[in-house]
Each structure stands twice: as structure tokens, then as C-alpha cells.
Amino acid sequence: MLKRVSIETDYKVAAGNVALTVVIGDAQMGSSIARLDDRELGPPGAIENLVVGKGASIKGKTLSVKSVVTDVNDMTNHMSISYELKGGATPQTVKAEADVEHEGDSVIYRATINLVQ
Amino acid sequence: MASISRARTWRVLLLAVLGTLIPPAVFAQSSTVTIDDLKSPASPGFAVLGVEPAVISRPTSPRGVTLSLLSAVRDGDTLVPKNYALEVAPYWLAAHPNLTYEQYDSAGVTDTLRQTASVSFATARIPASSTQPISTGLGFGMRALAMRGRPNSQIADLTARIKKLQADILTAKTPQEEDKIEADLRNAALDFQAQNRKRVGWILEMAGAFAAQYPEDNVENARLSKFGIWVTPSYQLEAPRLNASAVGRYLRDRRADGIDLNLADLGIRLQAEAEEFGVSVEVVRRFVGETAANEPDSTRVMGLLDYRVSPDIYLTASVGQDFANILTARKPFVSFLGLNFGLSKKPVVQLP
């Protein structure tokens, strides 16, 4: 059974465009998909400077990011994922970590970001 | 297809029978140093001490290192743990949340050295002999790659396969659907790891190690018994499969019986592989320092041929000139013909 990690945080929006970058660390390989409420913001893959929307139009909505990270690095079984948000009141980075037990295992991360004003 | 395989098997059996009829001098097997013996050892701290520990502690966090050392000291009656082996990659003891796979894969020399460095440390009880009392041996070594080559052509396909399976998990509707994809994704990741160890282009590996001995466990009697440095540059071409590698090794071995070996070895090997054949030529030059016991500088030149008869059987032949004999200074002609029976990875008896 796949390991699963969930995190939840608030992000304070402002007038400008909010953008999201997902960084898969520890030299592992991952893909992500982002949804604003129920609307997909793009196909699965790497997320870099993905424009979520202007503050006024996205406030009160929920940004959900689902990621799968796979252990392709045989030097470590550690995994790190960072969600970098900018364009709001202040830039914010949210991190999550996990270790897999066996080489080649994967972890599903679910981040729930509440866009607040 | 079956008849070709049977014909090959008969050819090999015939060669093996012929082998028993030819005078033994022709088939004298060399027991001296080959180029593989000179390459950087995987765990130089163990190699320099001459041990192959059955249990090796491989902690992956600073806490793990501390606990491993504390546990080893607690189990012994001195501050230096006995028969203890530790291997650790210092860079990976910490998390690297901003290191992406792409950055890791294309790292420069400095980053590659840091990311691939490993430290090996071992202690062992050395039994008493006619030349020295019982003692504790300690080995410490480091190994790292300065250049790790580039991915081979299969990595792109495997990356695409992993991304596709990850996308399938991301678009799955239920946890059960997600879990169904897990096995395929793990297999793809393991294939990726295996292929990523077969990198092509320039690879430069370096290692260094020393061993010390403490006769009667007395620090005042401590002496540096062995010291070694290994440098192994190589270039791997993927198609055709050609490999050029060189090795350099310096070894100082101060033995308890008074023999003080001071050896430098330089070697070069050219290797070509086809589907069923492997051909290589290697030259090793050994330079002997003044401290060694009358051994002259010497060169070993060998040609080797491997022929795969079946997936599990290899015919191996080698011919050349060995290092000069220490006593007679004669340079012996060496030839070897043999069959290698590989053991199948597939279990014949199903495990419970």
C-alpha cells in the first residue's frame, strides 16, 4: 500500500496573481497535479510558477495539490517536497517529508491550501 | 534454436575435455594482481584492514550514527569497539529539500564529490602470531566519485515510464486504484536505479584509507600498518560497448614480521563487448620501492576473451606475461582456459 502524507495550511492572498511552484527534493522524482476547488489547473507533471489566479478571484477557494514522489535515488530513502507560494501578502513555503522503507517505493502527498484574505 | 544451443554446449564440452589433455604448464592459472584488484575498493576502510564484516552498520541520520557508535562502545569493555563496521554517506545524513533530481544528475565536480562520498570504518581483533601479540586493528577509509558520467540511453525511456505511472496515480479516483499501480511504479523505479548505475562517459573514482594496529590494546604501541590511495578513471562508450579504464594504486604495507612493502601500480585496460563476446587487453606496471624485499619493478600484460555459451555458462581464456618472479626474476608466460557456471537468480525451489 502506498504511503500517504497530508498537510493543510492557509495562504493570505493580495491583489496580484498567486503562483505555485512544487519542488521535489532529495534528488527524487515526482509529478503533481493542482486543483482550484474542483477545477484542474493543468495536466499532471512538474509545477513551476503555475498561476493560480488573482487574489480577488481566488479568495475563499481551496488550492489542492496531489503529488507522487518515487524513490529513484539509491543514496537515500528520504523524500522532501516543498510548496512555494508567491504573489500573496508574503511569499510562503510549506514543506513535507517522509521516508520510504524500500528502494523504489513511492509516497502520495496531498496539500490543502486555503486561500484567505 | 535448440540445435544451435546444443552445438555450442558440445563445443564447450570438447574444449573442456581437451583442456584435461593439454600439459598443465600451458594451463597454469595466474594468481597475481589483475586490474580489477587495483580498482578503488567499495569500502576502503574494510579493505585496508583486510576484513569483510558480516554485519555493517549503515545509519542514514546523525542520530543513527550516534546510536550505532554508542551501542558498539556499550557492548565492549573499552572505548574502541571490537569487530565493528560502519559505513556512512555523510552528505545524505541530512535532508536536501531543494536538491532536484536534475541538479543532482548534472552536478559539477565539487558537488559530485560531496554527494558520492562515503566513509568506512572498521575495527577487528587480530590474533597473536609469532611476530606480534594479540592486537586491535582499526581501518578508516573514504571513497568518492569526482565525475559520475551521464545517464545511458535507457534512462529517458524509464523516466517517461515513471512519469506515466505517476500521472496514472494522480488521476486515479480511489485509493484502491492508486495502490494497484504501486507495483509497476516500484519496478520502474528499480529498473531506473539499476540503469543509473551503468552510466556512460567519463567516470573518475578516488579512494584513500589507512589501517593502524594497537598491540595488546595499548595506545603507546600504536603503529600505522597500512596506507593506500586509489585513483580509477574510465570512459564508457554505450554503442558499441567499449570501455577504456586506467587504475593507479599506491600501497604501503608495514607488516609485523618486518617486511615493509612500498608498492605503486599503474594499469590500463581496453575492453570491448558484443552480444556473446567480450575481449580485453590489460597492462599493469608495478613499481617497487626500496623498502620492499628485493622485488623488482615488473610488468604484466594479459589478453582476455569471454564467450557466452549460454545465459549461465561462460568460456574464459587469457594469455600473456605475468609479473617477474621475485626469486628468479623470470617473466612467466601465463595462459588460462576455463568455464564459468553462473548461478541462476531464479530459485528452483519455490520459497514458502
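Chain letters run A, B, ... following the sequence lines, proteins first, then strands; residues in each count from 1.
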Ala89(B) portion near chain A, given a 4.5 angstrom heavy-atom threshold: side chain
Flag if over 12 foreign heavy atoms under 6.0 Å of CG, Asp38(A): no
Glu48(A) atom CD, neighbour heavy-atom count above 12 within 6.0 Å: no
Determine the option with the most heavy-atom pairs under 4.5 angstrom with chain A, choosing from [options].
{"options": "Thr60(B), Leu170(B), Leu99(B)", "answer": "Leu170(B)"}
{"options": "Ala183(B), Ala188(B), Pro175(B)", "answer": "Pro175(B)"}
{"options": "Arg186(B), Arg197(B), Gln193(B)", "answer": "Gln193(B)"}

Which region of [X], side chain (C-beta onward) or backbone (N, CA, C, O), has a non-hydrogen atom less than 4.5 Å from a non-hydrogen atom of chain B, or is it both or neither?
{"X": "Ile81(A)", "result": "neither"}
{"X": "Lys95(A)", "result": "side chain"}
{"X": "Ser106(A)", "result": "side chain"}
{"X": "Glu40(A)", "result": "neither"}

Side chain proximity check, Met75(A) to Gln115(B), heavy atoms < 4.5 angstrom: no
Any side-chain heavy-atom pair of Val68(A) and Leu185(B) under 4.5 Å: yes
Gap separating the [atom1] atom of [X] from the [atom2] atom of [Y], nearest 0.5 angstrom:
{"X": "Gln166(B)", "Y": "Met29(A)", "atom1": "CD", "atom2": "CE", "value": "7.5 Å"}
{"X": "Thr70(A)", "Y": "Ile169(B)", "atom1": "OG1", "atom2": "CD1", "value": "6.5 Å"}
{"X": "Gln28(A)", "Y": "Tyr104(B)", "atom1": "CD", "atom2": "OH", "value": "9.5 Å"}
{"X": "Asn98(B)", "Y": "Thr93(A)", "atom1": "CG", "atom2": "OG1", "value": "8.5 Å"}
{"X": "His96(B)", "Y": "Thr76(A)", "atom1": "NE2", "atom2": "OG1", "value": "8.0 Å"}
{"X": "Thr171(B)", "Y": "Lys66(A)", "atom1": "OG1", "atom2": "NZ", "value": "7.0 Å"}

Heavy-atom pair of closest approach, residues Trp92(B) and Asp26(A): CZ3-O, 4.1 Å
Which atom of Val72(A) lies closest to which atom of Ala189(B), heavy atoms considered: CG1-CB, 4.4 Å
Options Ile24(A), Asn77(A), Val23(A), ranked by heavy-atom pairs under 4.5 Å with chain B, top entry: Ile24(A)
Best-contacting candidate, Ser82(A), Gly30(A), Gly45(A), against chain B by heavy atom pairs under 4.5 angstrom: Gly30(A)
